[in-house]
Amino acid sequence: MTVREPDYRRTDPKGFIVRAVMMLAQLVIPLGLAAVTFSDDGDFSGKLAFAVPIIAAMILFNTVIAYLQWTKLTYTVGTTDIRVESGVLSRAARSVPYERIQDVSLEQKLLPRLFGLVEVKFETGAGGKDDLSLTYLSESEGERLRELVRNRREGAEEASEPGTEKAPEQADTIFAMGPKRVFTFGLFEFSLAVVAVIGGLAQQLEFLLPFDLWDVGEWEQRLAGPGQWLAGLGPLAQVAGIIIAVAMLAVLGVATGLVRTALREWDFRLERTAKGLRRRRGLLTRTDLVMPLHRVQALRLNTGFVRRLFGWHSLKIISLASDSGGANHDAVPFGQMDEIQPVVGVTGFELPPAQTNWQRAMPEYRIDKAVLAVLVLIPVTAVVAVIGSAWFWLLPAAGLVFTLAEQWWRWKHDFRALGERQVYSRHGWFSPSLAIGSRVKLQSVDIRQGPLARLRGYASLHFGLAGGRLRIHGMPIAEARRWRDEISRSISSADFSELLETKGAPAT
């Protein structure tokens, strides 16, 4: 009897070049530090002649390693699973059954993108820990492999063989962001991350500076000469200097937000296809993700204090598959409500109607949280006032006042509602957030009570979601039981595994 050999495949040969270049890029910083060290010595030419052969050997070694890694990386697409084997000295094999694969996404960083290559990621819904990836395949092979895995997982018609032409998938764009929208989005993404990074690098590389960066006395001495004239101008000039410094930080924060947003959201496109919602975005790293509609479990609508004044909101989809390690998929990162509502409709969900019966948490729940904060912060305030420096007691006292005000504010602006097909949870006023969960696709509903909650007669409902979480706190125990019974009947009315195999729009 003849045993058929497994159909092993190698990744694209150009991937070897990409790996080699990326490995060489990791040598840039060590070589730069070595160059700075050599320049401190007068015998630079002698050291350079000694270093060049070493650098050449390092480049050659990394190139050989990259080639060996490419030759030893193979993948097999079987009838029930996909298998990846890798390793030069020690071999490793990963096999993932198709039924465990939640989705297949394509990602293109800048360098692979220049060579027309993609990284194929097989998401297992385990938060990124057990996900499988292939680097790198051609764009056409990545698309073919994604389609093949999905079809075998769903028992559909097989995808075409490598090298065969395939008719382009029909897609309708339901949301997109051009350069103007991305720029506007970046203005609201204020960030001082660059300042923190520069400070961290300066602390790590302070040996390159002629003095201690964090020595205030050293700075005063160095600025005493050039800055003496500014100090002599009086308080008005010092205030002007502070304003200029704050303005520079603001400009830096806005510029950082613009850059980060452009890199992440450039040419954002959300399309409706036969397989679900296809999202593509990114400038240097281009990602291509498909969110199957029948796997959407919940939606989350968010905004910010400043954004809401201009009508800007964001829509996230909570799905079984992960999105770069997160449970929420960005469907509309920055849009108006008239743009978001059609996307919500495509997912099979609906926004809460005007006649929704919103309810607050029990006052006892918020009062108990405030009392617990008082029991902790008042002794802390007293201790700091006795043994701390002057005015330090104001810090825990301010925390106490803030906690009391927050609990009252949350009671005024946090609401819940139970619809015929959906669960709604709304909280916040400065940065409002609305969560919409499907009663059918919730996996479980639990009532939880601590000792104080049992004594005071309230409870929390925890809803089971494969991706993300949905919780409602401070419900009267009788109402919590009623919600649990009604939602449990909705969950049991449909087989969850059958819902995941549905090809059409999800039932909500």
Side-chain angles (χ1 to χ4, degrees), residues 4-23 66-87 92-124 131-171 267 269 271 273-276 278-282 284-292 321 323-324:
R4 183 181 176 183
E5 291 294 328
D7 186 15
Y8 291 110
R9 300 178 186 270
R10 282 201 175 96
T11 56
D12 195 283
K14 295 191 292 293
F16 149 65
I17 302 175
V18 173
R19 285 177 176 272
V21 174
M22 295 179 69
M23 293 178 69
Y67 176 75
L68 292 176
Q69 288 179 342
W70 173 75
T71 59
K72 297 299 182 181
L73 177 62
T74 60
Y75 66 98
T76 306
V77 181
T79 56
T80 60
D81 63 1
I82 183 168
R83 181 183 179 90
V84 177
E85 298 185 21
S86 61
R94 288 279 317 277
S95 178
V96 179
Y98 293 130
E99 63 266 18
R100 283 196 56 201
I101 298 177
Q102 306 293 346
D103 198 13
V104 184
S105 61
L106 307 180
E107 181 176 296
Q108 284 183 300
K109 292 183 171 61
L110 178 60
L111 187 59
R113 192 174 172 187
L114 297 177
F115 287 87
L117 303 177
V118 298
E119 178 180 1
V120 183
K121 294 185 176 181
F122 305 93
E123 300 171 0
T124 61
D131 289 349
L132 189 66
S133 64
L134 276 174
T135 53
Y136 295 95
L137 304 179
S138 65
E139 294 179 354
S140 59
E141 174 64 8
E143 288 281 2
R144 188 197 71 84
L145 186 58
R146 174 164 68 177
E147 191 73 11
L148 185 147
V149 170
R150 285 178 177 161
N151 288 337
R152 291 192 176 179
R153 181 190 63 198
E154 298 172 357
E157 183 181 352
E158 290 292 334
S160 59
E161 290 299 320
T164 60
E165 293 294 330
K166 179 185 173 183
E169 186 179 27
Q170 295 296 324
D267 194 24
R269 302 186 67 82
E271 300 170 331
T273 69
K275 295 295 184 180
R278 182 181 185 183
R279 188 200 68 197
R280 288 175 286 181
R281 65 176 177 178
L284 299 182
T285 299
R286 187 77 175 166
T287 59
D288 186 343
L289 174 71
V290 176
M291 299 170 273
D323 187 3
S324 301

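For the pairing with Q108, the side-chain hydrogen bond (donor to acceptor under 3.5 Å, both in side chains) check across E139, R280, R286 returns one residue only, E139. Considering T79, N151, V77 in turn, V77 is the only one that fulfils the side chain to side chain contact (heavy atoms under 4.5 Å, CB included) rule with Y98.
I17 places none of its side-chain heavy atoms less than 4.5 Å from the side chain of W70. Residues I82 and T76 form no side-chain contact, since every pair of their non-hydrogen atoms from C-beta on lies 4.5 Å or further apart. The shortest side-chain heavy-atom distance between L284 and R113 does not fall under the 4.5 Å cut-off.
Distance OG1/T80 to CZ/R152: 9.5 Å, rounded to 0.5 Å. In this structure, the separation between CG on L289 and CZ on R146 is 8.0 Å, given to the nearest 0.5 Å. The structure places CD1 of I101 at 15.0 Å from NZ of K121, a figure rounded to the nearest 0.5 Å. For the atom pair L134 CG and L73 CG, the distance stands at 6.5 Å (nearest 0.5 Å). From D12, atom CG reaches atom OG1 of T135 across 11.5 Å, with rounding to the nearest 0.5 Å. With values rounded to the nearest 0.5 angstrom, L137 atom CG is found 11.5 Å from E143 atom CD.
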Using the rule given for side chain to side chain contact (heavy atoms under 4.5 Å, CB included), can you reason through T74 versus V84, listing the C-alpha separation, both sets of side-chain angles and the distance that settles it, and then say yes or no?
CA-CA 6 Å; T74 60; V84 177; over 6 Å; no
Margin query: Could you go through V149 and F122, starting from their C-alpha distance and side-chain angles, then the distance that decides it, and tell me whether this counts as side chain to side chain contact (heavy atoms under 4.5 Å, CB included)?
Written below: CA-CA 9 Å; V149 170; F122 305 93; 3.8 Å; yes
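Although no hydrogens or angles enter the test, the distance criterion places a donor-acceptor pair under 3.5 Å between the side chain of T273 and the main chain of K275.
For F115, the CZ atom is densely surrounded, since the number of other residues' heavy atoms within 6.0 Å is greater than 12.
In terms of heavy atoms, T285 sits closest to K109 at OG1-CG, 3.6 Å. When every heavy atom of A93 is checked against every heavy atom of R83, the shortest pair comes out as CB-NH2, 3.4 Å. The heavy-atom pair separating Y136 from P112 by the smallest distance is CE2-CG, 3.5 Å.
Look at E147 and R144 and you find no salt bridge, because none of the NZ, NE, NH1 or NH2 atoms lies under 4.0 Å from a carboxylate O.
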